[in-house]
There are 2 protein chains.
Amino acid sequence: MSYRYALVPYIRAPEKYPNVVLFYDEYVSIIKDAFPKGKVHLLILPRNEETSKQKSQEAFKDEKTRKMLEAYVHQAIELTQKAFDKEWRRIDGDDEKKMKILVCCHSVPSLNNLHIHVLTTDMCGRNMKNKKHYNSFTTDFAIRFDEFPLKEDDFRLQDKGKCESLLKQDLVYNGANYKSSFKKMQAKIHEDFDKIYKHI
Amino acid sequence: MSYRYALVPYIRAPEKYPNVVLFYDEYVSIIKDAFPKGKVHLLILPRNEETSKQKSQEAFKDEKTRKMLEAYVHQAIELTQKAFDKEWRRIDGDDEKKMKILVCCHSVPSLNNLHIHVLTTDMCGRNMKNKKHYNSFTTDFAIRFDEFPLKEDDFRLQDKGKCESLLKQDLVYNGANYKSSFKKMQAKIHEDFDKIYKHI
DNA sequence: TATTCCGATAGTGAC
DNA sequence: GTCACTATCGGAATGAG
């Protein structure tokens, strides 16, 4: 079971991992996701033990916790934007158009410590490898930070089975249904990305 | 679609393929199966065009056709027995015990030319690679030559769907159910074979 | 839904 | 059920004295 606690070191001793931890204070650590699903993919980890062991659906019922995190979310968004812009430029030169950034929590996390994903929405990360990865960020399986607190009747509060079924649904990109053909969809996604961005 | 006619050359011009054709006359060719599912695996191919294009269920309703083939079946069995004995010896030295030989047709063939399988029942052929291969020789999907002509109510005369479903059933070997674990079953089959036979 | 490894399953293309 | 190739799907292990 210990893989479920892979994030513990960054909460307990962020100072030990300068290559992974971009920022930390007494409340949070902001780290680079070891298996990025977007070109840039960070995680915000609340360091408070009680908060960390809760699911996002529960932890973010508390307004204080949400408010406390807002500033860190904005900070992480800025870090993500800067990291992306440092690596990628639009071919059309229109620097006003910014890569969209997603801030969310998975409705059924696999790691036991609360973590907020902050990632560019290109879906071109090195470790975007399968249908579950893709659907975990493109369906309601992902709970956007601005959706918290969830309404009482939100299925994601109770219905783990329905959440998990979202990961198995057909792959949809740009209005097209790719059924289960992850590789074909990924090829199209990368093709489109390469039409818009060039690496610096 | 032309792969469905892979056997045509051995019917039309058996004299051209001495490395594959073990015997031929005006009625049949007996060839080595290119993808053997037993240690020895031959095919009897009736050369008559009308016969060849029928399914076994139809062709062997005709008694003359069956009778014509009987002698060739016995010949093919002898060839198979000799070829096996030339390569493999029982470790216990009991030469009276003979490897069993199966003579059958597939109820749903993939190749369009009528072919009778004659093979040792060791299930250890070089090309025994998956569940469908195995079930195609160990279930009623295989119609033994001595079952022809089929009774009128035999499902294999009409129900292609039921025939094909037999290929997907659980793997059974020596009374044990291996579900879909082909590799595990195959390991056991080879282990058992190696306990009884040694290569010459 | 952490990854990774292995194996079973499924679709395709073959001329 | 022809094969061979690719890719998808599905389970299990992952720790460690």
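Labels below follow one simple rule: chain letters A, B, ... track the order of the sequence lines, proteins then strands, and each chain is numbered from 1.
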Nearest whole Å is fine: how far is dA7(D) P from L171(A) CG?
15 Å
dC6(C) pairs with which nucleotide, Watson-Crick or G-U wobble, both distances below 3.5 Å?
dG10(D)
Counting just side-chain N and O atoms, does K37(A) come under 4.0 Å of either OP1 or OP2 of dT3(C)?
yes
Is the distance between the ring centroids of F84(B) and Y197(B) under 6.0 Å?
yes
Whole-Å gap separating P (dA12(D)) and NZ (K179(B))
12 Å
Quickly work out the N130(B) CG to dC5(D) C1' distance and round it to whole Å.
14 Å
Base, sugar-phosphate, or nothing: which does H117(B) touch, judged by heavy atoms less than 4.0 Å apart?
nothing
Determine yes or no for a side-chain-to-main-chain donor-acceptor pair under 3.5 angstrom, with Q186(B) supplying the side chain and M128(B) the backbone.
yes
Using only atom types and a distance under 3.5 Å, with no angle test, would you say the side chain of T120(B) pairs donor to acceptor with the backbone of V40(B)?
yes
Y3(A) atom OH is separated from dT3(C) atom P, nearest whole Å, by 11 Å
Identify which nucleotide among dT4(C), dA14(C), dA4(D) has an atom closest to any side-chain atom of F35(A), counting heavy atoms from C-beta outward.
dT4(C)
Please check: side-chain N/O of R47(A) versus main-chain N/O of S29(A), any donor-acceptor pairing under 3.5 Å?
no
Aromatic ring proximity, centroids under 6.0 angstrom, H41(B) and F137(B)
yes
May I have the distance from Y5(A) (atom OH) to dA16(D) (atom P), rounded to whole angstrom?
16 Å
Nearest-angstrom distance from the residue atom CZ of R4(A) to P of dT4(C)
17 Å
Below 3.5 Å between N/O atoms, which protein atoms pair up with nucleotides 8-10 of chain D? Just atom names and distances, please.
| unit_1 | atom_1 | unit_2 | atom_2 | d |
| --- | --- | --- | --- | --- |
| dT8(D) | OP1 | F182(A) | N | 2.9 |
| dT8(D) | OP1 | K183(A) | N | 2.7 |
| dC9(D) | OP1 | K131(A) | NZ | 3.2 |
| dC9(D) | OP1 | S180(A) | OG | 2.7 |

Using the P atoms only, state how far dC15(C) lies from dC5(D), rounded to an integer number of Å.
13 Å
Whole-Å distance separating the CG atom of L7(A) from the P atom of dT3(C):
12 Å
From NE2 of H106(A) across to P of dT3(C) the rounded distance in Å is 10 Å
Using the six-membered ring wherever Trp is involved, compare the ring planes of F145(B) and F60(B) and label them parallel, tilted or perpendicular (cut-offs 30° and 60°).
perpendicular
Main chain of K168(A), side chain of K131(A): is a donor-acceptor contact present, judged purely on distance under 3.5 Å?
yes
5' priority, DNA chain C, between F141(A) and N127(A) [closest heavy atom]
F141(A)
Just call it for L167(B): base, sugar-phosphate, or nothing, with non-hydrogen atoms closer than 4.0 Å on any strand.
base
Using atom P in both nucleotides, what's the gap between dC5(C) and dG15(D) to the nearest angstrom?
12 Å
